[in-house]
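Structure first, commentary second.
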Amino acid sequence: MTNLTPEQRLMGRENADRALGVSRRDWLIAASATPAIAGYYFGYKGLGEKPPVKAAIIGTGDEGCQAMIRFHNRDYMNFVGFCDIRPTQQERAVKEFTNHKQYSEADVRKLKQYKSKEEMYKDPEVEVVVIALPLWLHAPVAIEAMKAGKHVFTEKLMAHSVAECKEMCRVARETNKLLAVGHQRHYSALYDNANFLLTSGVLGDVRHIRALWHRNNAQPLVAKDKDGQPLYDPATGLPQYVHDEKGNLVYRDSWKRQYPDKDTGIDYAAYGYKSLDELINWRLYKRTGAGIMAELGSHQLDACSIFLGKQHPLAVTGVGGTYFYKDGREADDHVFTIFEFPGQTEKDKIVVTYSSINTNAFDGYGEMVMGSKGTMIVATEKEILLYKEAGAAFASRTTSVTVDTQNKKPVLETSPSTAGPSAATAIGALATADPSRGYREELEHFAYCIRHGDASNYHADKDHQPRCRGEVALADAVIALTTNIAMHENRRIEFDPKWFDYTSDAAPESSASIAKG
C-alpha cells in the first residue's frame with residue numbers, strides 16, 4: 001500500500017476526491033477538522049438537554065488510555081472512575097485524564113479509583129462500564145456488569161469464544177442493556193466514503209479484495225542508559241542488545257513488554273493469571289488472547305464485510321504460525337488467509353485475502369478493492385486512493401476520474417491523464433489532517449443511544465442502536481476465531497450460518513465437524 005511515488009499517491013487521492021464529489025469530500029474534511037461535525041454525519045446531533053452518560057472504565061492499558069480515554073467526548077460520556085490491577089496503568093490513567101482538555105485538575109482528583117470490579121459494579125453513579133481488558137475477561141466482566149444494571153461498551157474482539165459472544169447478546173436482552181463493541185471502522189467517515197465509491201459502481205465488477213497489516217519487528221532492542229541513550233560495546237563499537245531472562249534477544253515488539261518494577265508485586269494468581277508474564281503479555285497466550293486475527297485481522301475483515309454489503313463469508317483457508325519469534329510465545333507472528341464471500345449468484349464468489357506479518361513492513365496496512373474498471377486503496381486509515389484499470393500498471397496509476405454529470409455517478413476516464421505534479425508539490429498536498437479513526441464517534445453514539453433510546457425496551461428501538469452492537473460484533477468474532485482454527489489445522493473450513501445467529505447454541509469451537517483449536 002505504501003510503495004507508490006508521491007505523484008501516484010496524489011493522483012489517487014485526487015481521483016477519489018473527484019469521484020466522491022464536493023459534498024461528500026467536504027463532509028470528510030470537515031469531520032476531520034471539526035470532530036463535532038461527525039455527529040451530524042452519522043445521524044446523532046448531541047444529547048440536547050439530557051445530561052452526559054456517566055461511565056467507568058476497567059482496563060487502562062494501551063486501548064483504555066490511548067483510545068477510550070484520550071478520544072472520548074465528555075459532553076456525551078463523563079468518566080467518574082476507573083479500575084486496573086496494575087499500579088503503572090493506574091498512573092497512566094491519571095496522566096491521560098490530566099492531559100484531556102475537558103478535565104480540570106480538580107476533576108481528575110475526584111475520579112474514583114475502584115479497588116475491584118465489584119466495587120465498580122456497585123457504584124450507583126455508573127451507568128456504563130467501558131471494558132478495555134485482556135480478551136479472556138471481556139465476556140465475564142461484560143455479563144457481570146449488565147447483570148449489575150450497567151450498559152456495556154467493550155473493546156474488540158468481542159470475546160474469547162463464539163459461545164461467550166452469544167451469551168453476551170442474550171444477557172443484554174435479558175437485562176435490557178445496550179451492548180456495543182469497539183470495531184471503530186463502523187464510525188469512520190473515511191470508510192463510509194470508500195463504501196460509497198464501491199456501491200456506486202465506480203470499480204465495476206469486484207472479485208477480489210486484498211487486505212494486509214505488515215510490520216517489521218525483526219530488529220533487536222538496543223539497551224539504553226538511564227538517560228535513554230543507546231549503549232555500545234566499548235571494545236567493538238557495536239550496539240548492546242537487550243536479552244530476556246532466558247538469554248534470548250528481545251525484539252522490537254509492542255506485544256512483549258518488560259515488567260515495570262511497580263507491577264512485579266501483583267498477586268497475579270488472585271486474578272486468574274498463571275504467571276506475571278501472562279498478565280503483562282496476555283496477547284502472546286492462547287488462554288488469554290486470540291492473536292493477530294483478533295487484534296488486527298478482525299478490524300480489516302470487518303471492513304471487507306462492510307464493503308461487500310455486510311455479508312458473511314462462506315469459507316476460510318489459512319496458514320499461520322510462530323515463524324520468527326523463538327521465545328516460547330503461543331501467538332502466531334505470521335498469518336496468511338483466504339476468504340470466500342458470496343457473489344451476485346449462487347455460483348459466484350468474491351475472494352478476500354488477508355496477511356499479517358512481523359518481518360517486513362513494505363506494504364504497511366490497508367485494504368485494496370480490485371474491480372474490472374479500477375482499484376480503490378484505503379491506506380493506513382488515512383486516505384482513499386483511486387486508480388483506473390488499464391493495460392500498463394503505471395498507466396493505471398496516472399489516470400484521472402471525472403463525474404458523469406448526467407447520472408451523477410463517478411466514472412473512470414478511458415484515457416490516461418497528463419503528467420502529474422512534481423514530487424515536492426505532491427508531498428505538500430498530502431500533508432493534510434488525518435481523518436478520525438472513529439473512537440470518539442463510537443462512544444458518542446453509544447451515549448446518544450442510551451439517552452435517546454426507549455429505556456423500557458432498548459432492543460426494540462431500532463432507531464437507536466449502536467452501529468456495532470452485539471449481533472454485528474458476533475460476526476467479526478466468528479470470522480476471527482474460525483480463522484484461527486483453520487490456520488492451526490492448515491485446512492479449509494466452511495462457515496455454518498448458525499454460528500452467526502446469537503439465538504443458536506452452535507459455535508465453531510464446539511462444532512462436531514471441527515476439532516478444537
Side-chain angles (χ1 to χ4, degrees), residues 135-136 156-166 183 207-214 255 283-308 310-325 329-343 348-359 365 367-368 472-502 504-517:
L135 178 59
W136 74 297
K156 57 80 191 153
L157 197 64
M158 185 175 179
H160 197 257
S161 72
V162 172
E164 288 180 327
C165 294
K166 293 186 175 187
H183 288 286
R207 294 290 161 174
H208 178 47
I209 299 178
R210 176 179 177 242
L212 53 90
W213 195 311
H214 293 176
W255 284 18
R283 288 183 176 89
L284 303 182
Y285 294 86
K286 290 182 179 179
R287 196 180 74 88
T288 50
I292 287 175
M293 286 308 303
E295 299 298 315
L296 304 179
S298 63
H299 279 309
Q300 296 182 275
L301 266 298
D302 183 40
C304 293
S305 295
I306 293 172
F307 290 154
L308 298 177
K310 297 184 180 179
Q311 296 190 92
H312 300 151
L314 302 171
V316 60
T317 304
V319 177
T322 309
Y323 301 146
F324 171 69
Y325 293 111
R329 69 181 61 195
E330 298 171 358
D332 299 335
D333 52 37
H334 285 65
V335 302
F336 308 92
T337 61
I338 301 173
F339 297 86
E340 302 164 40
F341 278 83
D348 284 348
K349 288 185 180 179
I350 299 172
V351 176
V352 174
T353 60
Y354 180 73
S355 62
S356 181
I357 63 179
N358 273 271
T359 52
Y365 79 94
E367 299 82 35
M368 180 184 294
V472 176
L474 165 63
D476 296 317
V478 169
I479 294 171
L481 297 173
T482 305
T483 301
N484 279 345
I485 298 174
M487 288 190 298
H488 296 157
E489 298 185 2
N490 194 12
R491 59 173 290 192
R492 178 180 180 271
I493 295 177
E494 294 185 1
F495 289 92
D496 184 340
K498 293 180 181 178
W499 296 345
F500 297 95
D501 179 4
Y502 80 91
S504 168
D505 290 333
E509 64 267 15
S510 59
S511 172
S513 63
I514 301 177
K516 293 183 179 180

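One-based numbering along the sequence shown.
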>> Check whether Tyr325 forms a cation-pi arrangement with Arg329 (NZ or CZ under 6.0 Å from the six-membered ring centre, at most 45° off the ring normal).
In response: yes
>> According to salt bridge (charged side-chain N to carboxylate O under 4.0 Å, His left out), who are the partners of Glu330, at least two apart in sequence or on a separate chain?
In response: none
> Can you name the residues that form a side-chain hydrogen bond (donor to acceptor under 3.5 Å, both in side chains) with Arg283, not counting sequence neighbours?
Replying inline: Glu295
> Between atom CG of Leu135 and atom OG1 of Thr288, what is the distance when rounded to the nearest 0.5 Å?
Replying inline: 8.5 Å
> With a 4.5 Å limit on heavy-atom distance, are the side chains of Trp255 and Leu284 in contact?
Replying inline: yes
>> Can you tell whether the side chains of Arg492 and Glu494 come within less than 4.0 Å, N to carboxylate O?
In response: yes
> What's the shortest heavy-atom distance between Val352 and Cys304, and which atoms?
Replying inline: CG1-SG, 3.8 Å
>> According to side-chain contact (heavy atoms from CB on, under 4.5 Å), who are the partners of Ile306, at least two apart in sequence or on a separate chain?
In response: His186, Asn195, Asp302
>> Once ring-ring contact (aromatic ring centres under 6.0 Å, His included) is applied, do any residues pair with Trp499, and if so which ones, sequence neighbours excluded?
In response: none
> Does the side chain of Thr353 reach to within under 4.5 Å of the side chain of Thr337, using non-hydrogen atoms?
Replying inline: no
>> Can a donor-acceptor pair be found, under 3.5 Å and without considering hydrogens, that links the side chain of Gln311 to the backbone of Phe341?
In response: no
>> Would Cys165 and His160 count as a side-chain contact (heavy atoms from CB on, under 4.5 Å) here? Give the steps.
In response: CA-CA 8 Å; Cys165 294; His160 197 257; over 6 Å; no
> Do Ser305 and His312 get their side chains close enough for a donor-acceptor pair, meaning under 3.5 Å?
Replying inline: no
> By ring-ring contact (aromatic ring centres under 6.0 Å, His included), which residues pair with His214, not counting sequence neighbours?
Replying inline: none
>> Does anything in residues 348-359 form a salt bridge (charged side-chain N to carboxylate O under 4.0 Å, His left out)? List the pairs, not counting sequence neighbours.
In response: Arg207-Asp348, Glu340-Lys349
>> Closer than 3.5 angstrom, by distance alone: can the side chain of Asp496 be matched with the main-chain N or O of Lys498 as a donor-acceptor pair?
In response: yes
> Relative to the ring of Phe500, is the ring of Phe495 parallel (under 30°), tilted (30 to 60°) or perpendicular (over 60°)?
Replying inline: tilted
> Is a side-chain donor or acceptor of Asn358 paired with a backbone partner of Phe324 at a separation under 3.5 angstrom?
Replying inline: no
